[in-house]
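We number each residue from 1, following the sequence as shown.
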Amino acid sequence: MATANFIAVIDGSTSKTQRKVCWWCSNGRCAAKTVARYIRRMPANITMTEFCRGVTDAVARKYSKRNHNLYANHPEERLTASCIVYSRLRREIWMIGDCQCLVGDNYFDNPKPTEQLMAERRAAEAHRLMAEGKETIESLLVHDSARDAIIPQLIEEMQNQNKTYSVIDGFTIPRQKVRVIPLDFSPWTIVLASDGYPFLRSTLEESEKALAAQREEDPLNIGKFKATKAFHPQKNSFDDRSYIRFMV
């Protein structure tokens, strides 16, 4: 999304449970739409700290007061999103949660501390299932039982949400876990993207080609590049993806 003063990519997190905070859509989508509404109306000179506080309050207002203890104790039930924002007046990029960007030729990301470990465990489980003849590539693409095996660990890791890593979820965001990239007044070409692109390139076309090559070579994402999800045969990617490129 883009306004007169901000450019942002917002990525709602995949729900790990069946409970919905917003009855009309998934928790991830509800979180992303709430963050987008907040960005559209926030003041042009807002600081990163003020943004974190304000967007947290916006999401928190979605929770019923009677369910406060549920959301406090069970982060997997929360509205959760990652977000990367460029502030025109501050000339800063704010990275909250799992997102990525290019500033010129320089690459930056902000991954969860255990994301790669979870991907490694899923890959090992997929290889085991196929080696024992219990699954094939085709069956795992239809129903990813290797992912099922790590869901309990993914939920457990969410207890560290806004402790060891940052997300937008209606609870206090630790500022030290927000990556801030200051820009000087040189001209810059910037790419902001969600983590749905395993290989971020300087153009959308190149990024899409790299994604297509990954799907062709390793649709389960258990080889050189490992992820906590596989490609689905009826979808053109393994995760939501957003990409925006601009010059400042």
Side-chain angles (χ1 to χ4, degrees), residues 9-20 25-32 75-84 97-100 107 109-161 165 167 191 193-201 204-243:
V9 165
I10 308 162
D11 184 13
S13 297
T14 303
S15 296
K16 307 298 188 300
T17 70
Q18 296 302 311
R19 182 187 295 271
K20 287 187 177 183
C25 63
S26 69
N27 285 351
R29 183 173 178 79
C30 185
E76 71 274 11
E77 304 287 2
R78 299 175 191 168
L79 303 177
T80 302
S82 296
C83 183
I84 181 168
D98 202 350
C99 47
Q100 56 183 333
Y107 175 78
D109 64 356
N110 194 38
K112 297 175 185 176
T114 62
E115 185 75 9
Q116 190 57 39
L117 176 61
M118 293 296 104
E120 295 280 355
R121 288 178 177 174
R122 176 184 159 272
E125 177 66 6
H127 285 300
R128 183 188 70 79
L129 291 169
M130 290 190 291
E132 294 178 358
K134 296 177 180 178
E135 297 280 6
T136 64
I137 291 177
E138 291 72 22
S139 66
L140 285 170
L141 287 173
V142 173
H143 180 85
D144 192 348
S145 55
R147 177 175 171 80
D148 291 346
I150 66 166
I151 287 293
Q153 295 168 310
L154 292 175
I155 292 175
E156 182 179 355
E157 178 58 23
M158 292 177 76
Q159 290 295 327
N160 290 318
Q161 210 160 278
Y165 64 94
V167 290
V191 173
S194 67
D195 63 343
Y197 284 102
F199 312 105
L200 190 61
R201 303 289 187 253
L204 177 61
E205 181 181 12
E206 291 171 342
S207 299
E208 287 286 334
K209 283 183 178 179
L211 180 67
Q214 174 64 24
R215 184 183 187 185
E216 178 68 25
E217 296 165 10
D218 178 23
L220 290 177
N221 292 327
I222 58 173
K224 184 177 181 180
F225 168 75
K226 297 178 179 66
T228 58
K229 301 175 186 175
F231 285 85
H232 192 282
Q234 296 179 350
K235 299 178 181 179
N236 61 5
S237 190
F238 63 94
D239 201 358
D240 296 337
R241 62 196 191 278
S242 296
Y243 180 110

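The structure places CZ of R201 at 12.5 Å from CD of E208, a figure rounded to the nearest 0.5 Å. From K112, atom NZ reaches atom CE of M158 across 6.5 Å, with rounding to the nearest 0.5 Å. Here I10 contributes atom CD1 and C99 contributes atom SG; the two are 11.0 Å apart, rounded to the nearest 0.5 Å. Put simply, OH on Y165 and CD on E115 are 9.0 Å apart, with the number rounded to the nearest 0.5 Å. One distance of note links CG of D218 with CD of E216; it measures 11.0 Å at 0.5 Å rounding. Remark: C25 SG to L79 CG distance equals 8.5 Å, nearest 0.5 Å.
A heavy-atom distance below 4.5 Å is found between the side chains of R78 and Q161. Side-chain contact between D148 and D144 is absent, with no heavy atoms from C-beta onward closer than 4.5 Å. Between M130 and L220, some side-chain heavy-atom pair lies under the 4.5 Å cut-off. The shortest distance between side-chain heavy atoms of R241 and N236 falls below 4.5 Å. Looking at heavy atoms from C-beta onward, R147 lies in side-chain contact with L154 at the 4.5 angstrom threshold. Contact of the K20 side chain with the N27 side chain is registered, since non-hydrogen atoms from C-beta on lie closer than 4.5 Å.
Closest approach of L211 to S237, counting heavy atoms only: CD2-OG, 3.7 Å. A230 approaches L141 most closely through the heavy-atom pair CB-CD2, 4.3 Å. Residues S194 and D11 share a closest heavy-atom pair of CB-OD2, 3.9 Å. Listed here is the closest heavy atom pair of T80 and P75: OG1-O, 4.3 Å. Minimum interatomic distance between A193 and L200 (heavy atoms only, all atoms of both residues): CB-CD1, 3.6 Å. Minimum interatomic distance between A81 and A32 (heavy atoms only, all atoms of both residues): CB-N, 4.4 Å.
Every residue meeting the side-chain contact (heavy atoms from CB on, under 4.5 Å) condition with T114, not counting sequence neighbours, appears here in chain and number order: M118, E157.
Side chain of K16 to main chain of T14: a donor-acceptor pair is present (N/O by atom type, distance under 3.5 Å, no hydrogens or angles). The backbone N or O of D98 sits less than 3.5 Å from a side-chain atom of S82, completing a donor-acceptor pair.
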* Please walk me through it: do Q214 and N221 pass side-chain contact (heavy atoms from CB on, under 4.5 Å)? -> CA-CA 8 Å; Q214 174 64 24; N221 292 327; 2.9 Å; yes

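Residues S145 and K134 bring no donor and acceptor atom of their side chains to less than 3.5 Å of each other.
Note: Y243 and Y197 have perpendicular aromatic rings, judged against thresholds of 30 and 60 degrees for the angle between ring planes.
Around atom CZ of R215, more than 12 heavy atoms belonging to other residues, nucleotides or ligands sit under 6.0 Å away. The 12-atom threshold is exceeded at CD of E132, counting heavy atoms of other residues, nucleotides or ligands nearer than 6.0 Å. Within 6.0 Å of CD in E156 there are 12 or fewer heavy atoms belonging to other residues, nucleotides or ligands.
Salt-bridge formation is not detected for the pair E125/R122: no Lys NZ or Arg NE/NH1/NH2 atom is positioned less than 4.0 Å from an Asp or Glu carboxylate oxygen.
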